[in-house]
Number of protein chains: 2
Amino acid sequence: MTTSDTAHAILDAAQALAQTRGFNAFSYRDLADRVGIRTASIHYHFPSKADLGRALVERYHDVVAGMLAAIARDTTDAPERLARYADLLESVLATPGEGDELRICLGGMLASDFPTLPPDMQEGVAYFVRANVAWLADVLERGRNDGTLAFTGDSDAAATALFSALEGAMMVARSCDDPSRYRATADWLLANFARNASTAVGTTVG
Amino acid sequence: MTTSDTAHAILDAAQALAQTRGFNAFSYRDLADRVGIRTASIHYHFPSKADLGRALVERYHDVVAGMLAAIARDTTDAPERLARYADLLESVLATPGEGDELRICLGGMLASDFPTLPPDMQEGVAYFVRANVAWLADVLERGRNDGTLAFTGDSDAAATALFSALEGAMMVARSCDDPSRYRATADWLLANFARNASTAVGTTVG
DNA sequence: GTCTATAAGATGATAGAC
DNA sequence: GTCTATCATCTTATAGAC
């Protein structure tokens, strides 16, 4: 293996902190306390915080890319793929974060930290966003072509809107301290991409 | 007036920095450099950073609330109100920030900083989010009732989705370093709330 | 109101022993 | 690989002169 157990533990702690508080809001001391080593030992594995951040973004991208590939392998049904994507983000929100604070998708969190990040990390974040939007755009386009989804306009614009809405919904849910708000928003979004929108969740048609 | 010119200048500088980098990513020193005074003078106006943050959130909420009231005063047309709301956020993105970095809505930015904020600010951010979603929900509900808008499901869920999408679109636009991406996403969203969605921007119907 | 001076603590980072 | 020790710098914040 290319990465030691200690490096893994450091990355796990760093990811939990980055997802709850952002990349600039935790220190090597925070990591040292949680991993049970000294800050100097962390510098051995990740000489600078930029190195740590780069590894963090790369690992997260790889994990998510693997999950998206798994979804595409499990089902070809476009609505089901979208539902699984929304569930993926919900599971992030449900993963215990720091204390009672909710985790946000690392990509969305780093997007909000963007201007303060080292150049390497900025590239990684932009790549993550592009990859997610492209995956969604592909699902949307296929779904519209096979008649399982219905929406108007450019599939790239639709995918950007959907990605933005899901990421934003995590932020809104956390600022309301109500994870169920993410679920409600995601369900509404998914229903509005369904072929027969009149059967949407919560529709009031009598 | 209840707030001095210096206090105004401090708040202006703090807002620009908070909108580009977040509340924890600027210091009294940053403010002092920009306003042209010393950090001690800032502490005279805002004893603690929590005091500064509280004032920042309150002022921003009041300004936005005033703009939403102005939109409601200018037009009763629901699609036009939504368009004006999207334009409002676009003007934030277009306002020169820190260097060549783009500004984000302060509400969205602080929502991403949420767990690290002092309790007073957390309340203010939650209030801002609730107020914006409630305003949008009212516009959506009225538009559906008078037939100028069409969407399925609960108007609160729709409003949360729209708010989340617009806030998220700003983050995505910035991480792509492409403000026009916000415009494209907003246009797509607005088109999908229009009564006749087949006339949506970018529709490929021949 | 603004300044100088200063405090106490945190931060990312390095040198060198074990 | 991990440690102790140390560094320069930055952070929020206060005391007291002008």
Side-chain angles (χ1 to χ4, degrees), chain A residues 1-18 20-57 98-99 109-110 113-122 124, chain B residues 1-18 20-57 98-99 109-110 113 115-122:
Chain A
M1 58 201 103
T2 171
T3 311
S4 71
D5 285 350
T6 303
H8 272 300
I10 293 167
L11 286 172
D12 288 345
Q15 186 175 328
L17 283 160
T20 52
R21 304 182 184 172
F23 184 69
N24 300 301
F26 71 88
S27 65
Y28 271 50
R29 194 184 198 180
D30 293 320
L31 298 176
D33 291 345
R34 281 158 183 77
V35 175
I37 53 176
R38 302 293 175 155
T39 61
S41 305
I42 300 178
H43 279 287
Y44 169 80
H45 294 280
F46 303 100
S48 78
K49 203 178 175 187
D51 293 318
L52 172 61
R54 183 186 39 69
L56 210 52
V57 174
E98 201 50 38
M109 206 62 198
L110 296 182
D113 289 333
F114 199 81
T116 68
L117 300 178
D120 276 359
M121 288 186 73
Q122 291 189 346
Chain B
M1 59 201 101
T2 171
T3 311
S4 73
D5 284 351
T6 303
H8 272 301
I10 293 167
L11 285 173
D12 288 345
Q15 185 173 328
L17 284 160
T20 51
R21 304 182 184 173
F23 185 69
N24 301 300
F26 72 88
S27 66
Y28 271 50
R29 194 184 198 178
D30 293 319
L31 298 176
D33 290 345
R34 281 158 184 76
V35 175
I37 53 177
R38 300 296 174 148
T39 61
S41 306
I42 302 178
H43 279 286
Y44 169 80
H45 294 280
F46 304 100
S48 78
K49 202 178 175 186
D51 293 318
L52 172 62
R54 183 184 39 70
L56 210 53
V57 175
E98 201 51 38
M109 206 61 198
L110 296 183
D113 288 334
T116 68
L117 300 178
D120 276 0
M121 289 185 73
Q122 291 189 347

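Per chain, numbering begins at 1; letters A, B, ... match sequence-line order.
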Check whether any side-chain heavy atom of T20(B) lies under 4.5 Å from a side-chain heavy atom of F26(B), and answer yes or no.
no
Partners of D30(A) by salt bridge (Lys or Arg N to Asp or Glu O under 4.0 Å), sequence neighbours excluded?
none
Output every pair passing salt bridge (Lys or Arg N to Asp or Glu O under 4.0 Å) with a member in residues 35-47 of chain A, not counting sequence neighbours, ordered by first then second residue.
none
Looking at F23(B) and G53(B), what are the two nearest heavy atoms and their distance?
CE1-CA, 3.6 Å
Please state how far atom CG in N24(A) lies from atom C1' in dT11(D), giving the value in whole angstrom units.
14 Å
Looking at A25(A), is its backbone amide N or carbonyl O close enough to the side chain of N24(B) to form a donor-acceptor pair, meaning the two atoms are under 3.5 Å apart?
no
Specify the separation, in whole Å, of atom CG of L52(B) and atom C1' of dT11(D).
14 Å
For residues 40-52 of chain A, which residue pairs pass the salt bridge (Lys or Arg N to Asp or Glu O under 4.0 Å) check, not counting sequence neighbours?
D51(A)-R54(A)
How would you list, by chain and number, every residue that makes a ring pair (Phe, Tyr, Trp, His ring centres under 6.0 Å) with H43(B), sequence neighbours excluded?
Y28(B)
For the student: nearest non-hydrogen atoms of S4(A) and H45(A), plus distance:
OG-CE1, 3.4 Å
Positions of residues 37-48 of chain A (non-hydrogen atom under 4.0 Å from DNA chain D), listed by number
I37(A), R38(A), A40(A), S41(A), Y44(A), H45(A)
Sorted by number, residues from residues 27-35 of chain A placing a heavy atom under 4.0 Å from DNA chain C are S27(A), Y28(A), R29(A)
